[in-house]
Amino acid sequence: AGFELATTKKGIMANFQSGQITRLADGVDFGHNVPTIGGASGSPIFNNQGNLVGINYKGLSQTQVFNMAMLAKYAIELKNK
């Protein structure tokens, strides 16, 4: 739903949703409760300073609070392979 949600009268704009880490990183991924929608895998997760910290990759359907993200450093490594 990216373009549908991002399109505004001023053009395409990012949507910012706040959330919290709900499971500490285990070295590969972490849990979060940032609201997501089906198809949001690959969406970036930024910290309060605007740094990329994770990439959303799965969530429990029918909820908005049980989501998982890969640590950003692993996504960068995959991109560079």
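FYI, side chains are in, hydrogens and waters are out, and symmetry mates aren't considered; it's all heavy atoms of this structure.
Annotation: the span from N56 atom CG to S41 atom OG amounts to 5.5 Å, rounded to 0.5 Å. To the nearest 0.5 Å, atoms CG (N67) and CG (N33) are separated by 8.0 Å.
Taking each heavy atom of V53 and F46 in turn, the nearest pair found is CG2-C, 4.2 Å. Between I45 and A69, the shortest heavy-atom contact is CD1-CB, 3.5 Å.
Screening residues 24-46 for salt bridge (charged side-chain N to carboxylate O under 4.0 Å, His left out), with sequence neighbours left out, gives R23-D26, R23-D29.
Looking at residues two or more places apart in sequence or on another chain, you find a side-chain contact (heavy atoms from CB on, under 4.5 Å) between N51 and N47, Q49.
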